[in-house]
Amino acid sequence: MRRDNQSTPRGFILTGFSHFPQRQVMLFVLFLLMPVVTLAGNMVIMVVIRVDRGLHTPLYLFLCALSFSELCCTSSISPKMLSGLAPGTRAISFLGCAAQMHFYFMFGFMHSFLLAVMGYDQYVSTCHPLCYNTLTTSRVFIQLVVASWGGGLLGLLVTCTVFQLPFCWSHQIDHFFCHMPPPHPPTPWLQLACASGEMVATMVNVLHMTALLGCFLLILLSYAFILGRILQIPSVEGRHKTFCTCASHIAVVVVHYGCASIIYPQCKSPHAAGASAVIDVSCAVFTPFLSPIIFSLSEDLKNVLWKSLRKIIIRNVSFWPGSK
């Protein structure tokens, strides 16, 4: 590509949905319902934890922070992705695209760090229950959440690294939202660059792998100690009860890193760009969709939810004409 074609683009056109002209309605319904359920589920979890003082423990406060990050991550991509299903509305401004990429990466990194922090909390509560209140004070909780938010700033570094590239006249992005799928070029972004993007791809790759694998190794280390502790419990009932306290977190970790393990290998094939983008956006929507469902199966949350629901029903019945 010649250098005289270099420009500072006013915006981009997202062409990912143009590959599926016959499935526009189905995709619109799917990508509308899943984010709505995600937003509603996470908001319910946050409200329940906020109003019930019995859930004001570090584990559920971390869950509240995790729900907030998922809510923000979903909100950053869903509106524009849905509008992209309508003809003539697939354009996005340069700053809007940069903001979408930044927030998606920021809350994605934050999600990984919070999962690692929750793994540490599970480790302390299982292996050092007598020291739990000492090791997980309010000050420690705030420090860990702030550190997770600080880790989310890696998203800003990724976005600045990508958008410092000189772009050419062709501003069509073969994707559903402004995202640079790691770690293997060519990606839609690197194909738009006038200059070589290999260094950028390497930097993004290093940032992603360091954050994801670092958090995953910390989670594995926490559960290695937890497993050792569970095996020391003499009764089967005690082992089962201890494992159940970790089950929701383990399930969300499996979903989160399971989707990541699917996305990464797909990017290796330059001939499967369309399929890779579909898998990428499916995981971006599907992972936060499952998280509130999984965590709502927690015994404490489930009991509080049913208690709140019963209060609402009784209150409405009491105001119903003829109920007295």
Side-chain angles (χ1 to χ4, degrees), residues 32-76 78 103 106-108 110-126 129 132-133 135-149 152 219 240-256 285-320:
L32 174 64
L33 290 180
M34 293 182 72
V36 166
V37 172
T38 301
L39 295 176
N42 283 306
M43 288 182 69
V44 167
I45 289 175
M46 291 168 62
V47 170
V48 167
I49 294 174
R50 173 68 179 85
V51 299
D52 193 286
R53 298 190 64 85
L55 297 179
H56 288 187
T57 61
L59 175 62
Y60 286 104
L61 293 176
F62 286 133
L63 174 56
C64 190
L66 187 73
S67 295
F68 178 74
S69 72
E70 290 183 337
L71 189 150
C72 293
C73 187
T74 301
S75 301
S76 68
S78 294
F103 286 118
M106 182 180 78
F107 291 113
M110 191 190 306
H111 189 274
S112 296
F113 286 117
L114 283 171
L115 285 177
V117 167
M118 292 175 73
Y120 167 76
D121 180 80
Q122 294 281 9
Y123 157 73
V124 175
S125 63
T126 304
Y132 183 76
N133 292 329
L135 296 175
T136 56
T137 60
S138 299
R139 181 179 179 182
V140 172
F141 164 77
I142 293 173
Q143 289 174 342
L144 290 174
V145 172
V146 169
S148 299
W149 276 79
I219 293 171
H240 180 264
K241 184 178 179 181
T242 304
F243 176 78
C244 285
T245 60
C246 309
S248 296
H249 181 253
I250 293 174
V252 171
V253 169
V254 169
V255 171
H256 180 70
V285 175
F286 188 67
T287 302
F289 169 76
L290 281 182
S291 291
I293 296 175
I294 294 172
F295 279 118
S296 66
L297 298 177
S298 166
E299 197 65 33
D300 292 336
L301 262 183
K302 192 162 56 176
N303 290 337
V304 173
L305 285 172
W306 278 114
K307 187 188 301 182
S308 301
L309 184 60
R310 283 196 296 269
K311 287 182 179 178
I312 293 172
I313 293 174
I314 293 172
R315 188 180 305 164
N316 289 335
V317 169
S318 65
F319 285 104
W320 192 265

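Worth knowing before you read on, the calculation uses all heavy atoms, side chains too, and leaves out hydrogens, waters and symmetry mates.
Inter-residue side-chain proximity for Arg50 and Cys64 is flagged as unmet; no heavy-atom pair is nearer than 4.5 Å. The side-chain heavy atoms of Ile45 and Tyr60, taken from C-beta on, include no pair separated by under 4.5 Å. The shortest side-chain heavy-atom distance between Val285 and Pro35 falls under the 4.5 Å cut-off. Between Ile250 and Val254 the shortest side-chain heavy-atom distance falls below 4.5 Å. Residues Tyr120 and Ile219 are not in side-chain contact: their nearest non-hydrogen atoms beyond the backbone lie 4.5 Å or more apart. Taking the side chain as every heavy atom from C-beta outward, Thr137 and Asn133 never approach each other to under 4.5 Å.
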Show me the donor-acceptor pairs within less than 3.5 Å that the side chains of residues 138-146 make with the rest of the protein, sequence neighbours left out.
none

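For Ser291 (side chain) and Thr287 (main-chain N/O), a donor-acceptor pair under 3.5 Å exists by modelled atom type. Within the 3.5 Å criterion, the main-chain N or O of Gln122 finds no donor-acceptor partner in the side chain of His249. No donor-acceptor distance shorter than 3.5 angstrom exists from the side chain of Thr126 to the backbone of Tyr123, with no hydrogens or angles considered.
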I would like to know whether Val36 and Leu32 meet side chain to side chain contact (heavy atoms under 4.5 Å, CB included); could you show each step before the answer?
-> CA-CA 6 Å; Val36 166; Leu32 174 64; 4.1 Å; yes
Apply the test side chain to side chain contact (heavy atoms under 4.5 Å, CB included) to residues Leu59 and Leu63: give CA-CA distance (whole Å), side-chain angles for both, the deciding distance (0.1 Å), then the verdict.
-> CA-CA 6 Å; Leu59 175 62; Leu63 174 56; 5.9 Å; no
Where do Leu71 and Thr38 land on the side chain to side chain contact (heavy atoms under 4.5 Å, CB included) test, with the steps shown first?
-> CA-CA 7 Å; Leu71 189 150; Thr38 301; over 6 Å; no
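The number of heavy atoms from other shown groups lying within 6.0 Å of NE2 (His240) does not exceed 12. No more than 12 heavy-atom neighbours from other residues, nucleotides or ligands sit within 6.0 angstrom of CZ on Phe286.
Side-chain polar atoms of His111 and Glu70 form a donor-acceptor pair below 3.5 angstrom.
For the side-chain contact (heavy atoms from CB on, under 4.5 Å) with Phe107, the qualifying choice from Ser69, Ser75, Pro288 is Ser69, the only one to do so.
Contact record, His256 with Ser112: NE2-OG, 3.0 Å, taken as the closest heavy-atom pair. The nearest pair of heavy atoms linking Met46 to Ser67 is CG-CB, 3.8 Å. When every heavy atom of Ser76 is checked against every heavy atom of Cys73, the shortest pair comes out as OG-O, 2.6 Å.
Within the model, atoms CG of Asn42 and CD1 of Ile293 stand 10.0 Å from one another, a figure rounded to the nearest 0.5 Å. For the atom pair CH2 (Trp149) and CG (Leu114), the distance works out to 9.0 Å, reported to the nearest 0.5 Å.
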